[in-house]
Trainee: 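The structure's right below; bear with me while I get my questions together.
Every heavy atom of this structure was used, including side-chain atoms; hydrogens, water molecules and symmetry mates were not.
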Amino acid sequence: MEPTQTYNSLVPFWAILASLIAVPLILLSSKKPNVREFWTLIAALVKFALVLSLLPEVRAGKIAECTLLELSPQIGLSLKVDAFGIFFALIASGLWILTSIYSIGYMRGHHEKKQTRYFASFALSLSATIGVAFSANLLTFIVFYELLTLATYPLVIHSETKEAIRAGRQYLAYSLSAGLLLIAGAGWIYSATGSLDFQPGGILNSVNATPNAFRLVFLLFVVGVGVKAGIMPFHSWLPNAMVAPTPVSALLHAVAVVKSGVFGVIRVVGFVFGPELMTLHHLNLILGIFAGATIILASLIALQQDSLKRRLAYSTIGHLSYIVLGAALLSKDGFVGGIFHISTHAVMKITLFFCAGAIYVNTHRQKVSELDGIGKAMPWTMGAFAIGSLGLIGIPPINGFFSKWYLVMGSVQSGWWIALVVLLLSGLLNAAYFLPILHRAFFVKSDQFANYGEASPWMVVPLCTTALLAVVFGFFPNLFFGFFSLAQQITASVFNLNLAGGGQ
């Protein structure tokens with residue numbers, strides 16, 4: 001792989017700052033909803049434009065760098081826009097635009113209180129998310145990772161019911177405890193290497209330590225990032241957080257929080273420990289066991305959920321571990337498939353949560369057993385739900401098939417036949433918990449929704465857009481942003497391959 005070129009740029013800093021600047025403007029516009037929502041949308045568009053402006057340089061092999069605060073010659077709060085960072089930042093900032101539009105329809109349609117706090121917290125969360133994406137080292141990553149926890153807490157407790165407060169406390173307890181483990185792991189790495197900088201292929205190859213020491217530190221990181229990644233048994237905060245408004249669920253599951261978790265898993269595997277060390281000490285086996293168990297158990301639990309949002313939550317837990325499993329395979333195709341599934345799952349799952357929110361705002365139905373005949377009353381919404389569901393099952397030509405295909409090939413490539421069995425069984429379980437919803441919606445006759453129609457266009461247009469993107473990216477995985485090529489580029493850097501060989 002050709003050496004990358006670095007250059008100094010403040011654009012990564014401005015990309016973080018864009019939504020941060022919007023926070024006081026949103027707060028000052030509390031009595032003027034239209035103005036408040038204007039600032040939200042402007043911040044989302046500006047953030048996405050700034051992130052997008054960095055893409056051509058990354059595709060050309062150039063890395064933008066920016067130091068925010070130098071604590072010592074060896075360590076500081078620094079930003080770096082590599083292929084993986086831009087990959088995640090494009091997903092988060094792009095989907096925030098649609099989530100902001102959707103939020104306007106949801107908040108107005110449901111007459112939610114404390115809308116100003118909601119939009120301000122949302123903006124702050126996206127600043128932290130882009131900070132996570134563009135972190136140059138473990139210190140910067142941990143700072144923004146913890147800021148994301150604090151920024152999303154007001155969103156989780158938005159309704160301020162006893163159930164919401166309890167869920168918020170659990171979310172803080174899990175996430176902040178995980179942060180302490182990350183700090184401990186980072187401290188060990190700094191003492192061993194004198195550096196915390198992310199490095200493709202890992203930074204620990206020259207460290208002389210016992211296998212047990214490596215395994216212990218790796219477990220610290222697995223739990224540290226695994227909480228937000230929903231890895232079992234550190235997942236229970238996630239379904240409980242479904243008491244939050246649906247746009248928050250979309251944020252948690254598709255845009256920011258859990259995607260920051262699996263982003264952290266890939267960073268740890270590919271940029272801290274590296275494939276060579278992972279293989280030498282069988283660390284990938286540890287990760288693979290966690291991932292495989294989570295995929296199957298979460299799918300089985302999803303089958304038992306009558307609450308639509310909780311069924312989607314357990315589906316998310318399972319699909320996040322597809323990404324973790326892709327990293328654990330340590331094969332080129334598996335790594336490409338895992339990284340690419342970050343983008344495909346984001347588009348499909350945000351579609352499903354958007355649909356769940358539209359159903360709730362319009363009909364106040366929250367249970368799968370209450371959806372008989374809703375497809376006739378809300379055909380656009382349930383059509384989009386069908387696309388998202390079939391994509392997560394792995395039906396072509398929806399984009400989920402493409403990432404799952406590479407995960408399957410990666411399992412064969414690595415010789416992990418048990419992983420192949422897990423993926424195939426999971427596909428069947430996905431069908432088992434999604435297809436009954438579609439059957440109820442479209443094939444069970446009922447007059448209970450005779451007087452209902454579609455939700456507000458503010459909600460229907462975003463969910464139809466994300467469903468359309470799931471289909472379009474299924475046919476053209478490199479369209480617009482080159483997500484698949486970026487996944488290959490990231491894999492090539494981690495495995496020290498020629499770019500043309502990435503993912504082959």
Side-chain angles (χ1 to χ4, degrees), residues 6-26 29 34-66 68 79-104 119-136 144 147-148 151 247 250-251 254-256 259-260 263 342-343 346-347 350 458 461-462 465-466 468-469 472-473 476 478-487 489-490:
T6 61
Y7 66 99
N8 292 322
S9 173
L10 287 175
V11 174
F13 174 66
W14 284 110
I16 295 171
L17 210 58
S19 50
L20 196 61
I21 292 173
V23 172
L25 297 174
I26 290 169
S29 307
N34 290 339
V35 176
R36 177 188 63 209
E37 290 154 6
F38 168 80
W39 291 126
T40 298
L41 291 173
I42 287 296
L45 290 168
V46 170
K47 179 183 288 291
F48 180 68
L50 288 168
V51 171
L52 189 60
S53 72
L54 293 163
L55 180 60
E57 299 295 333
V58 173
R59 295 294 298 274
K62 298 179 181 178
I63 294 178
E65 294 183 328
C66 173
L68 303 179
L79 305 177
K80 180 175 70 174
V81 184
D82 61 3
F84 194 31
I86 198 74
F87 181 92
F88 181 39
L90 280 170
I91 296 167
S93 60
L95 290 180
W96 186 38
I97 297 172
L98 294 171
T99 307
S100 297
I101 296 170
Y102 180 90
S103 293
I104 294 170
F119 283 106
S121 297
F122 228 118
L124 188 59
S125 298
L126 266 294
S127 288
T129 302
I130 301 303
V132 168
F134 289 163
S135 294
F144 282 110
L147 284 175
L148 179 60
L251 170 77
V255 180
K259 288 302 187 295
S260 292
F263 177 85
I342 296 175
S343 64
V347 174
I350 203 169
W458 285 95
V461 171
T465 301
T466 53
L468 178 62
L469 288 174
V472 170
F473 286 137
F476 309 103
N478 267 326
L479 190 65
F480 302 134
F481 313 112
F483 282 130
F484 182 67
S485 290
L486 284 172
Q489 186 176 342
I490 297 159

Trainee: Tell me the closest heavy-atom pair linking Ala15 and Phe134, and the distance in Å.
Mentor: CB-CE1, 4.2 Å
Trainee: Once rounded to the nearest 0.5 Å, what's the spacing between atom CG of Leu50 and atom CG of Leu45?
Mentor: 11.0 Å
Trainee: With rounding to the nearest 0.5 Å, note down the distance linking CH2 in Trp14 to CD1 in Ile21.
Mentor: 5.5 Å
Trainee: Can you check whether Ser125 reaches Leu148 side chain to side chain, under 4.5 Å on heavy atoms?
Mentor: yes
Trainee: Can you name the one residue among Ile86, Val51, Val11 that meets side-chain contact (heavy atoms from CB on, under 4.5 Å) with Val81?
Mentor: Ile86
Trainee: Starting from the C-alpha separation in whole Å, work towards a yes-or-no answer on side-chain contact (heavy atoms from CB on, under 4.5 Å) for Tyr102 and Thr465.
Mentor: CA-CA 11 Å; Tyr102 180 90; Thr465 301; over 6 Å; no
Trainee: Could you check whether any side-chain heavy atom of Phe88 comes within less than 4.5 Å of a side-chain heavy atom of Thr129, counting everything from C-beta outward?
Mentor: yes
Trainee: For Leu486 and Phe87, work out which heavy atoms get closest and say how close.
Mentor: CB-CD1, 3.9 Å
Trainee: If we only count heavy atoms from C-beta on, is the Phe480 to Phe473 side-chain gap below 4.5 Å?
Mentor: yes
Trainee: Once rounded to the nearest 0.5 Å, what's the spacing between atom CZ of Phe84 and atom CZ of Phe263?
Mentor: 5.0 Å
Trainee: Which pairs pass salt bridge (Lys or Arg N to Asp or Glu O under 4.0 Å) with one or both residues in residues 80-89, sequence neighbours excluded?
Mentor: Asp82-Arg267
Trainee: From Leu54 CG over to Ile63 CD1, what is the distance, rounded to the nearest 0.5 angstrom?
Mentor: 12.0 Å
Trainee: With rounding to the nearest 0.5 angstrom, report the CH2 to OG distance, Trp458 to Ser100.
Mentor: 10.5 Å
Trainee: Rounded to the nearest 0.5 Å, how far does CG of Leu147 lie from CD1 of Ile16?
Mentor: 10.0 Å
Trainee: What verdict does the side-chain contact (heavy atoms from CB on, under 4.5 Å) test give for Phe122 and Thr99, after you've listed the backbone C-alpha separation in whole Å, the side-chain angles of each residue and the deciding distance to 0.1 Å?
Mentor: CA-CA 10 Å; Phe122 228 118; Thr99 307; 3.5 Å; yes
Trainee: Do the non-hydrogen side-chain atoms of Phe481 and Ile91 ever get within less than 4.5 Å of each other?
Mentor: no
Trainee: Side chains of Ser93 and Lys47: do they bring a donor and an acceptor to under 3.5 Å?
Mentor: no
